[in-house]
Amino acid sequence: MAGRRNRIATSPLCNNRLVTRIVVIGNSSSGKTTVSRELAARLDLPLLELDGVFHQPDWTELPDDQFRSRVDEFTNADRWVVDGNYTSHGMRDVLWPKANTIVWLDIPKRTVMRRVVLRTIRRATTREELWNGNREPWTNLYSRDPEKNIVVWAWTRFDHVRDKYERCMTDGTWSHAEVSRLRSPNEVDRFLARIETETPIP
């Protein structure tokens, strides 16, 4: 078991034969969407962003049963990339067992917080459309409610998310998949560079 844990934790690149059903996870502003889009483009895989499914117009949350159904339908295909966590909404049961590749962006908290603050201000200022017509409201920046303020959410949930995924690495949850734990922006860049130069065969 110790050898298995070490192999997963330090894997710099997923097994080329398996890079066909990929889940990209990590804390808020760890870079999940950017990495997911890069992987989908470089490997010619369809992409599903969980945020875009869950957050319906006017920030209405899709009921969990419908959420799981839509993700289940998308991942019944042989090849895909899925961006996002949503473990409390059942994704670990619907999504993870189908994945053969898990990319965990375990970026340092200081980097995550700098990114989430800058990203949130940019989105609110430019009125950038996120998903289904939704935009970041300025009022959320003044809220102390983690459910409304993504900056507070990122700060308060960081350690919980890291602890949860570290358990997954050691308790057998991800034993069926190849796992790459990327701990810095430089590791992410090297990972994507190798994906580009060692294009997996579907």
message = Can you tell me how the ring of Y86 sits relative to the ring of F67, calling it parallel under 30°, perpendicular over 60° and tilted otherwise?
response = perpendicular
request  = Would you mind reporting whether L130 and R135 have side-chain heavy atoms less than 4.5 Å apart?
outcome  = no
W80 vs L47 side-chain heavy atoms within contact, under 4.5 Å = no
task = Check whether NZ of the Lys or CZ of the Arg K148 lies under 6.0 Å from the centre of the six-membered ring of W153 and within 45 degrees of that ring's axis.
result = no
query = When you check the side-chain N and O atoms of N85 and T87, is any donor under 3.5 Å from an acceptor?
reply = no
ask   = How many angstroms lie between CG in D72 and CG in D65, if you round to the nearest 0.5 Å?
value = 12.5 Å
inquiry  = Side chains of W96 and V23, heavy atoms from C-beta outward: is any pair under 4.5 Å?
reply    = yes
task = Give me the ring orientation class for Y165 and W174: parallel if the planes are under 30° apart, tilted from 30 to 60°, perpendicular past 60°.
result = tilted
inquiry  = Closer than 4.0 angstrom, basic N to acidic O: yes or no for R162 and D106?
reply    = yes
ask   = Would a 4.5 Å heavy-atom cut-off, applied to side chains only, mark F191 and V103 as touching?
value = yes
ask   = Under 4.5 Å between any side-chain heavy atoms of L192 and R42, yes or no?
value = yes
ask   = Can you find a heavy atom in the side chain of T125 that is under 4.5 Å from one in the side chain of W138?
value = yes
ask   = Below 4.5 Å, heavy atoms only, C-beta onward: do C168 and R92 meet side chain to side chain?
value = yes
request  = Decide whether M169 and L95 are clustered together by the hydrophobic rule: side chain heavy atoms of Ile, Leu, Val, Met, Phe, Trp, Tyr closer than 4.5 Å, transitively.
outcome  = yes
key: Lys/Arg N to Asp/Glu carboxylate O, E49 vs R37, below 4.0 Å   = yes
key: OG on S180 to CG on L105, rounded to 0.5 Å   = 10.0 Å
inquiry  = Working to the nearest 0.5 angstrom, can you tell me the gap between T75 OG1 and M91 CE?
reply    = 8.5 Å
message = Is there a path of hydrophobic side-chain contacts, each under 4.5 Å between heavy atoms, that joins L118 and I150?
response = no
inquiry  = If you take the centroid of each ring, where Trp contributes its six-membered ring, are F54 and W131 closer together than 6.0 Å?
reply    = no
key: Value rounded to 0.5 Å, distance of CG in N134 from CD in E129   = 8.0 Å
request  = Could you tell me whether the side chain of R190 reaches within less than 4.5 Å of the side chain of L182, counting heavy atoms only?
outcome  = no
request  = Step by step, work out the side-chain contact (heavy atoms from CB on, under 4.5 Å) result for V53 and L62.
outcome  = CA-CA 7 Å; V53 179; L62 192 68; 3.9 Å; yes
Approximate separation, where rounding is to 0.5 Å, of D93 CG and K98 NZ = 11.5 Å
key: Reported CZ-to-CD distance for the pair R181 and E187, which is rounded to 0.5 angstrom   = 10.0 Å
